[in-house]
Amino acid sequence: MKTPNGRCLVFVSHAFEDKIPIANQLCQILEKRKVNVWYSGNDLRVGDDLTKTILRGIEKSRFGVAIVSPEYISSQWTLQEYYALLAKDGPRHKVLFPVLYNITPEALAAIHLPMANIMAIRADIGLEKVADKLVAEIKIQCRRDLVKALIKWLGLCALCFLIAIAGYFSFDTLHYNGPDEGYIQQSVAKRIATLKEETDLRLKEELHTAEPATQDEVINVYTAFRNLKTYYRNEYILNTGSQTVHAKKNVDALLDANMQELNPLNSYGFLSPDIYLEGETGSGDVRYFFVNTQPLESKIEEVESLSDNTFAVWVNYGNNIRFIGISLTFASQAENTRGMKRHAMEIIALPPRERYVFERTGEGWRYNITAE
C-alpha cells in the first residue's frame with residue numbers, strides 16, 4: 001500500500017534486541033500483504049546519519065507500528081521514535097499502532113502509564129494475526145483519508161462554483177475587503193520573530209554558565225532528583241512573547257497539553273534538541289535547558305468577517321514550544337525528612353492556535369492577538 005504521493009506508509013519502530021525475534025518477520029509478513037514498510041533493517045545504508053535518516057522516515061510515514069517490549073522502553077532511541085510518531089497522532093487522524101512483545105499491559109502500565117493507555121495488539125496471538133489486525137486498521141484509516149480528501153475536493157469544487165457564479169452576477173456579498181494575505185503573513189511573521197527574540201535572549205543569558213550536554217547526562221540528573229525521597233513542589237511559568245502565565249493548570253490550558261508528561265526521557269517532545277546543563281547532581285541547584293531546533297511553523301486556517309471593518313484570522317502553529325528550562329533544587333540528605341526538593345519548569349512557546357483580529361484604521365490596519 002502506498003499513499004497517493006508515494007510516501008512511505010508504515011514506519012516500524014523497534015529495539016535492536018527485538019530485530020531477530022519479531023521485527024524482521026513482522027515486516028516480511030506486512031510486505032507480503034502489500035504494505036509499504038519503512039524499516040531500518042532495509043532502509044538504512046552504510047554512512048547514513050542515523051538520527052536524520054530515521055526522522056525523515058517518520059516524517060514520510062502515514063502510520064507507525066511500535067513493537068513495545070522491555071528493551072523498547074529502556075532505549076532512548078526507540079522512545080524518541082515513539083514520541084515522534086505519537087506527535088503525529090490525533091483523535092481523527094490515527095497514526096500509532098503499538099504491538100506488545102514480551103510485556104503485558106499491566107506490566108507496561110506500571111512502568112509507563114501513558115504508553116499503556118493506548119490500545120495495543122498482543123504479539124502472543126501470533127504474527128500472522130497481528131499483521132491481519134494492522135492491515136485491517138490501516139485500510140480503515142486509508143478509507144477515511146480518502147473520504148476526507150474527497151469531501152475536501154468536493155468542497156473546493158463547490159466553492160469554485162459559487163465564486164464563479166458570484167463573479168458572473170457581481171454579488172457584492174462575496175466581495176472581500178479585509179487585510180490582504182501579505183499583510184496577514186507579515187503580522188504572523190512579526191509574532192514569530194518576537195518569540196524568537198525572547199528565546200534567543202533567554203538562551204544567551206544561560207550560556208554564560210551552562211555547557212552543552214547529552215540527553216543521558218540530563219537523564220542521570222533527572223533520575224537522581226526523582227529518586228530523592230522527600231517532599232517537593234512543582235512550579236510552572238510560560239512566556240508567550242506577549243504574556244506571562246503561572247501555575248500548571250493555566251499553562252496546560254494555554255498550550256493544550258499536559259506539561260507534566262514531558263521530561264528528558266522523551267526529550268520534552270522535541271526532535272534533535274540542543275541541550276545545556278549547569279550544576280552537578282546533588283549539589284543543591286541544577287539547571288538544564290532543551291531548545292527546539294525545528295522551525296516554528298504557521299498556517300492560516302480561517303478568515304471571518306466580523307463587520308465591514310473588522311476581520312478575525314485564525315492561525316495554527318507547529319513546533320510551537322521553543323524552549324524548556326528546568327531548575328532542580330535538591331534537598332540535602334541530612335535534611336531529607338524535613339527538607340523539600342523543588343522542580344521548576346520555564347517554557348517559551350506560542351499557543352497552538354491564536355486569533356488575530358484586524359480592524360481598519362483609515363488607510364491601514366491594527367490588530368490584537370488572543371489565544372484560542
Side-chain angles (χ1 to χ4, degrees), residues 1-3 6-45 48 50-51 53-90 93-146 265-266:
M1 298 176 187
K2 290 188 178 180
T3 54
R7 292 167 59 183
C8 292
L9 189 62
V10 179
F11 181 97
V12 177
S13 175
H14 67 286
F16 175 80
E17 295 83 355
D18 299 329
K19 182 182 294 290
I20 301 300
I22 179 174
N24 286 346
Q25 186 179 355
L26 180 58
C27 288
Q28 291 171 4
I29 297 173
L30 289 173
E31 287 173 342
K32 287 181 180 179
R33 284 163 169 73
K34 308 302 182 183
V35 174
N36 186 26
V37 172
W38 197 104
Y39 177 51
S40 60
N42 299 331
D43 294 277
L44 285 176
R45 298 291 180 266
D48 283 350
L50 294 179
T51 301
T53 304
I54 289 173
L55 290 180
R56 280 198 299 267
I58 291 174
E59 181 182 353
K60 293 178 180 178
S61 298
R62 169 60 179 87
F63 302 103
V65 172
I67 301 176
V68 179
S69 67
E71 289 75 21
Y72 188 95
I73 300 171
S74 62
S75 168
Q76 298 309 313
W77 285 90
T78 51
L79 286 178
Q80 285 193 39
E81 294 175 7
Y82 179 87
Y83 282 101
L85 290 166
L86 186 62
K88 300 175 64 174
D89 216 337
H93 188 78
K94 191 181 294 185
V95 172
L96 182 59
F97 304 124
V99 175
L100 300 188
Y101 175 67
N102 281 346
I103 192 169
T104 64
E106 296 75 18
L108 178 60
I111 301 171
H112 198 299
L113 185 57
M115 191 179 292
N117 194 45
I118 300 177
M119 187 66 182
I121 303 172
R122 299 280 292 268
D124 55 15
I125 66 174
L127 294 187
E128 293 287 345
K129 291 184 179 179
V130 169
D132 288 341
K133 289 180 176 291
L134 289 173
V135 171
E137 188 60 39
I138 288 169
K139 286 182 177 179
I140 291 172
Q141 296 302 317
C142 286
R143 282 195 292 268
R144 290 177 179 174
D145 288 349
L146 182 60
L265 296 173
N266 53 39

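Quick caveat, the model's predicted, so the values are computed rather than measured.
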Participant: About how many Å separate NZ of K60 and CG of L55, when rounded to the nearest 0.5 Å?
Facilitator: 12.0 Å
Participant: Distance check, rounded to the nearest 0.5 Å: E31 atom CD versus N36 atom CG?
Facilitator: 8.0 Å
Participant: Start with the C-alpha distance between I138 and V10, add both sets of side-chain angles, then the distance that settles side chain to side chain contact (heavy atoms under 4.5 Å, CB included), and finish with yes or no.
Facilitator: CA-CA 9 Å; I138 288 169; V10 179; 3.6 Å; yes
Participant: Would you indicate whether the side-chain heavy atoms of P70 and Y101 approach each other to under 4.5 Å?
Facilitator: no
Participant: Go through the steps to decide whether K88 and E59 satisfy the test salt bridge (Lys or Arg N to Asp or Glu O under 4.0 Å), and finish with yes or no.
Facilitator: CA-CA 9 Å; K88 300 175 64 174; E59 181 182 353; over 6 Å; no
Participant: Determine whether V65 and L96 satisfy the following criterion, side chain to side chain contact (heavy atoms under 4.5 Å, CB included), listing intermediate values before the conclusion.
Facilitator: CA-CA 6 Å; V65 172; L96 182 59; over 6 Å; no
Participant: Parallel, tilted or perpendicular, judged at 30° and 60°: which one describes the rings of H112 and Y82?
Facilitator: perpendicular
Participant: Measure the shortest side-chain to side-chain distance between R62 and V95 over non-hydrogen atoms and say whether it is less than 4.5 angstrom.
Facilitator: yes
Participant: Examine F11 together with F63 and report whether their ring centres are nearer than 6.0 Å.
Facilitator: no
Participant: So L85 and I58, do their side chains get closer than 4.5 Å, heavy atoms only?
Facilitator: yes
Participant: Does any part of the side chain of L108, heavy atoms only, come nearer than 4.5 Å to the side chain of I73, both counted from C-beta?
Facilitator: yes
Participant: To check you understand the geometry: which heavy-atom pair defines the closest contact between A123 and V130, and what is its length?
Facilitator: CA-CG2, 3.9 Å
Participant: Would you say that T104 contacts R122 through its side chain, given a criterion of any heavy-atom pair below 4.5 Å between the two side chains?
Facilitator: yes
Participant: Checking Q76 against Q80: is there a side-chain donor and acceptor pair closer than 3.5 Å?
Facilitator: no
Participant: Please name the residue in the list L30, D132, I29, V99 that meets the side-chain contact (heavy atoms from CB on, under 4.5 Å) test with L127.
Facilitator: I29
Participant: Please examine the side chains of W38 and I54, heavy atoms only from C-beta on, and report whether any two atoms are closer than 4.5 Å.
Facilitator: yes
Participant: From L86 CG over to I118 CD1, what is the distance, rounded to the nearest 0.5 angstrom?
Facilitator: 5.0 Å
Participant: Apply side chain to side chain contact (heavy atoms under 4.5 Å, CB included) to L100 and I121, showing your working.
Facilitator: CA-CA 6 Å; L100 300 188; I121 303 172; over 6 Å; no
Participant: Looking at S40, is its backbone amide N or carbonyl O close enough to the side chain of K19 to form a donor-acceptor pair, meaning the two atoms are under 3.5 Å apart?
Facilitator: no
Participant: Do the non-hydrogen side-chain atoms of V135 and V35 ever get within less than 4.5 Å of each other?
Facilitator: yes
Participant: So, for S61 and G57, which heavy atoms are closest and what is the spacing to 0.1 Å?
Facilitator: OG-O, 2.6 Å
Participant: Could you please spell out the steps behind the side chain to side chain contact (heavy atoms under 4.5 Å, CB included) verdict for S13 and Y72?
Facilitator: CA-CA 9 Å; S13 175; Y72 188 95; 2.8 Å; yes
Participant: For H14 and T78, work out which heavy atoms get closest and say how close.
Facilitator: O-CG2, 3.2 Å
Participant: Under 3.5 Å, is there a donor-acceptor pair linking the side chains of S69 and D18?
Facilitator: yes
Participant: Walk me through it: do Y39 and N24 pass the test side-chain hydrogen bond (donor to acceptor under 3.5 Å, both in side chains)?
Facilitator: CA-CA 9 Å; Y39 177 51; N24 286 346; 2.3 Å; yes
Participant: Rounded to the nearest 0.5 Å, how far apart are CD of E128 and NZ of K133?
Facilitator: 14.0 Å
Participant: Rounded to the nearest 0.5 Å, how far apart are CD of Q141 and NZ of K139?
Facilitator: 14.0 Å
Participant: State whether the side chain of S75 and the backbone N or O of E71 hold a donor-acceptor pair below 3.5 Å, judged by distance alone.
Facilitator: no
Participant: Please round to the nearest 0.5 Å and tell me the distance separating atom CG of L79 and atom CG of L265.
Facilitator: 7.0 Å
Participant: Should V37 and L9 count as side-chain neighbours, where that means a heavy-atom distance under 4.5 Å?
Facilitator: no
Participant: Under a 3.5 Å distance rule, please check whether K32 uses its side chain to pair with a backbone N or O of C27 as donor and acceptor.
Facilitator: no
Participant: With a sphere of 6.0 Å drawn around CD of E137, does it hold more than 12 non-hydrogen atoms of other residues, nucleotides or ligands?
Facilitator: yes
